[in-house]
Amino acid sequence: MSQAQPVIAIYPGSFDPLTRGHEDIARRTLRIADRLYVAVAYSPTQTKKSLFTVEERVEIIRDVFAGEPRVEPVAFRGLLVDFARERGARVVIRGLRAVSDFEYELQMAQMNRELWDEVETVFLAPELEYSFLSSSLVREVAGLGGDISRFVSAPVMARLEAKLGG
Ligand code: COA
C-alpha cells in the first residue's frame, strides 16, 4: 500500500445501542485510520432481540459523532466483506473486551479473510472501565429503571428514555 493512500476502516456491529465502550473503540480507531465507517449490520451473526431499528441505531451514531467528520455511520445488508470492499475499507476494527471475546472474534476474522483475502482485522482494547459493558446489559438496566448515564452518552440516553417511556 502506498503511503499516500488513506486508511479506511470499518467498525461493524449491531450497536443496539452504541455504548461508551463502542465510542471509545471508534475514537481510538481515528488514531490509526483516516476515515471510519461505523457500520450497523442488518444481518448480525448472532440473533438477538432488538430494541432500536437499524435506522434508529444509525441516527444515534450520527448524533454521537456529529462533531467528527471522519466518522460515517452506515447500515449494511449481506456480508461485511462485500460492503467493506464496495467502500474501499480494508481494515475491520473489532473491540476485545476480555479473553472470552477472543474465540468468536478470531473465527470471524479468519472467515472474513477467507471471503476476502485483502481484508485485515485489527483488534483494539477498550478503556478498562468499559470492559464489562454490552448493549444488552445497557438495554436491560435501562428497561428496569437503572442509571446508565455512565455507560452511554447523552444522545443515546435521550433515545433510550424516549423508547422506554422514561
Ligand atoms: N463496548 C461495549 N460493548 C461491546 C464492545 C465494546 N467495546 N465490544 C463488543 N460489545 C458488545 C456489544 O454491545 C454486543 O453486545 P450484545 O450482545 O449485548 O448486544 C456484543 O458485544 C457483540 O456485539 P457486536 O460487537 O455488535 O457484534 P455482533 O456479534 O452483534 O455483530 C457483526 C457482529 C455484525 C460484525 C457480524 O455479525 C457481521 O459481520 N455480520 C454481517 C454478516 C457477515 O458478514 N457474516 C459473516 C461474518 S464472518
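Start at 1 with the first residue, then count along the sequence. Both counts, for ligands and for their atoms, begin at 1 and track the order of listing.
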Under 4.0 Å between a side-chain nitrogen and a carboxylate oxygen: does that hold for [X] and [Y]?
X      : Y      : value
Arg27  : Glu68  : no
Lys163 : Glu56  : yes
Arg97  : Asp101 : yes
Arg28  : Asp24  : yes
Arg62  : Glu72  : no
Arg70  : Asp34  : no

| message | Using heavy atoms and a 4.0 Å limit, tell me yes or no: is Ile25 in contact with ligand 1? | response | yes

| request: Please confirm whether Tyr104 comes under 4.0 Å of ligand 1, counting heavy atoms of the residue only. | output: yes

| Is there a path from Phe15 to Leu124 through hydrophobic residues (I, L, V, M, F, W, Y) whose side chains come within less than 4.5 Å of each other? | yes

| So, for Gly21 and Leu133, which heavy atoms are closest and what is the spacing to 0.1 Å? | N-CD1, 3.7 Å

| query | Mind checking whether Leu133 has an N or O less than 3.5 Å away from an N or O of ligand 1? | reply | yes

| query | When only distance counts, is Ser135 in polar contact with ligand 1, meaning an N/O pair under 3.5 Å? | reply | yes

Just which atoms of ligand 1 are under 4.0 Å from any heavy atom in [X]?
X      : value
Ser136 : 16 (P), 18 (O), 19 (O)
Gly78  : 41 (C), 42 (C)
Ala41  : 34 (C)
Leu80  : 39 (O), 43 (C), 44 (O)
Phe76  : 41 (C)

Protein heavy atom at shortest distance from [atom]:
atom                    : answer
atom 26 (O) of ligand 1 : Ser14 N, 2.7 Å
atom 37 (O) of ligand 1 : Thr45 OG1, 2.5 Å
atom 2 (C) of ligand 1  : Thr19 OG1, 3.1 Å
atom 14 (C) of ligand 1 : Lys48 NZ, 3.9 Å
atom 12 (C) of ligand 1 : His22 NE2, 3.6 Å
atom 46 (C) of ligand 1 : Leu79 CD2, 4.1 Å
atom 21 (O) of ligand 1 : Arg97 NH2, 3.1 Å

| task | State yes or no: are the ring centers of Phe83 and Tyr42 separated by less than 6.0 Å? | result | no

| query | Can you list the other members of the hydrophobic cluster that holds Leu144, where links are side-chain heavy atoms under 4.5 angstrom apart? | reply | none

| said: Nearest non-hydrogen contact with atom 27 (O) of ligand 1 belongs to which option: Arg94, Arg113, Arg20? | reply: Arg94

| Any idea which of Ala26, Ser134, Ser43 brings a heavy atom closest to atom 41 (C) of ligand 1? | Ser43

| query | Using heavy atoms and a threshold below 4.0 Å, how should the contact between Met111 and ligand 1 be classified: side chain, backbone, both, or neither? | reply | side chain

| said: Take a 6.0 Å sphere around CD of Glu55 and say whether it holds more than 12 heavy atoms from other residues, nucleotides or ligands. | reply: yes

| query | Can you tell if the side chain of Ile61 reaches within under 4.5 Å of the side chain of Val40, non-hydrogen atoms only? | reply | yes

